[in-house]
Asks: 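The structure's right below; bear with me while I get my questions together.
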Amino acid sequence: MKNYLMTFLILSVLFGAAGIIQAEEPFVRISTVEKSFKLGTFSFWEDGTSSSVLTVKVESNCLHGPVVASISSLKRAGSVSITPDRVMVKTETTGGYVSMATPVAISETTNGSHDIKMNFKIKTNITDRAGRYSGVLAFTVMPPS
């Protein structure tokens, strides 16, 4: 009798879970572990490459298109800014550093959750001062193709 009862309870739980999974709406959530990102120290004589990696976490229960990243100008007090065309990003999808002057696909069409590792490179010049810069890094999930 115990074996029958245990089997029945397990099947009830499995059937109940199947009903919940079917009723769940498709979703995609994007977040980063870091709330700010240190770009590192750069030289005026060469392009600076950040030693830090920004990890983008994509949580999803469905097929979704590429994740596209765009960035605003990085601003510092005193109206000094670094424009998006001087910010480069590299992921597994880009194959190398590409300019963020226009939005960049940082992942491909994918089913389910995954992480995206982003490396940055900044083109500096003599007018760029050391210090804290702020800007907005935005992510958009495109429909699958």
Asks: Side chains of Val56 and Ile30: closer than 4.5 Å at any heavy-atom pair?
Replies: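 Yes, their side chains come closer than 4.5 Å.
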
Asks: Under 4.5 Å between side-chain heavy atoms, chaining through other members, with only Ile, Leu, Val, Met, Phe, Trp and Tyr counted: pull out the rest of the cluster around Phe27, sorted by chain and number.
Replies: none

Asks: If we ignore hydrogens and angles and just use 3.5 Å, is the side chain of Arg29 paired with the main-chain N or O of Glu59 as donor and acceptor?
Replies: no

Asks: Do Cys62 and Val28 come within less than 4.5 Å of each other through their side chains, counting heavy atoms only?
Replies: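 They are in contact (side-chain heavy atoms under 4.5 Å apart), so the answer is yes.
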
Asks: Should Pro66 and Thr109 count as side-chain neighbours, where that means a heavy-atom distance under 4.5 Å?
Replies: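 Yes; the side chains approach each other to less than 4.5 Å.
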
Asks: Donor-acceptor pairs under 3.5 angstrom involving side-chain atoms of residues 67-76: please list them, not counting sequence neighbours.
Replies:
from, atom 1, to, atom 2, distance (Å)
Ser72, OG, Val136, N, 2.8
Arg76, NE, Ala130, O, 2.9
Arg76, NH2, Ala130, O, 3.0

Asks: I'd like to check the side chain to side chain donor-acceptor pair (under 3.5 Å) partners of Thr140; sequence neighbours left out, ordered by chain and number.
Replies: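 For Thr140, no residue satisfies side chain to side chain donor-acceptor pair (under 3.5 Å) once neighbours in sequence are set aside.
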
Asks: Keeping to residues at least two apart or across chains, list the ring-ring contact (aromatic ring centres under 6.0 Å, His included) pairs with something in residues 54-95.
Replies: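 Those involving residues 54-95 are His64-His114.
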
Asks: The test is side chain to side chain contact (heavy atoms under 4.5 Å, CB included); show your working for Val89 and Val98 and say whether it passes.
Replies: CA-CA 6 Å; Val89 65; Val98 294; 4.1 Å; yes

Asks: Is there a side-chain contact between Asn119 and Tyr97 (heavy atoms, below 4.5 Å)?
Replies: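 A side-chain contact under 4.5 Å exists here.
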
Asks: Give me each pair satisfying salt bridge (charged side-chain N to carboxylate O under 4.0 Å, His left out) with a member in residues 103-118, each pair once, sequence neighbours excluded.
Replies: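 Found Lys57-Asp115.
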
Asks: Hey, what do you get for CD1 (Ile82) to CD1 (Ile122), rounding to the nearest 0.5 Å?
Replies: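 Output value for this atom pair is 5.5 Å.
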
Asks: Please examine the side chains of Leu54 and Leu137, heavy atoms only from C-beta on, and report whether any two atoms are closer than 4.5 Å.
Replies: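 They are in contact (side-chain heavy atoms under 4.5 Å apart), so the answer is yes.
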
Asks: I'd like to check the side chain to side chain donor-acceptor pair (under 3.5 Å) partners of Asn61; sequence neighbours left out, ordered by chain and number.
Replies: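 Asn61 satisfies side chain to side chain donor-acceptor pair (under 3.5 Å) with Glu24 only.
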
Asks: Evaluate the side-chain proximity of Met100 to Phe120: yes if any heavy-atom separation is below 4.5 Å, no if none is.
Replies: yes

Asks: Do any N or O atoms from the side chain of Asp85 and from the backbone of Ala101 form a donor-acceptor pair under 3.5 angstrom?
Replies: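 No; judged by distance alone, with no hydrogens or angles, the pair does not exist.
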
Asks: Would a 4.5 Å heavy-atom cut-off, applied to side chains only, mark Ile106 and Phe139 as touching?
Replies: yes

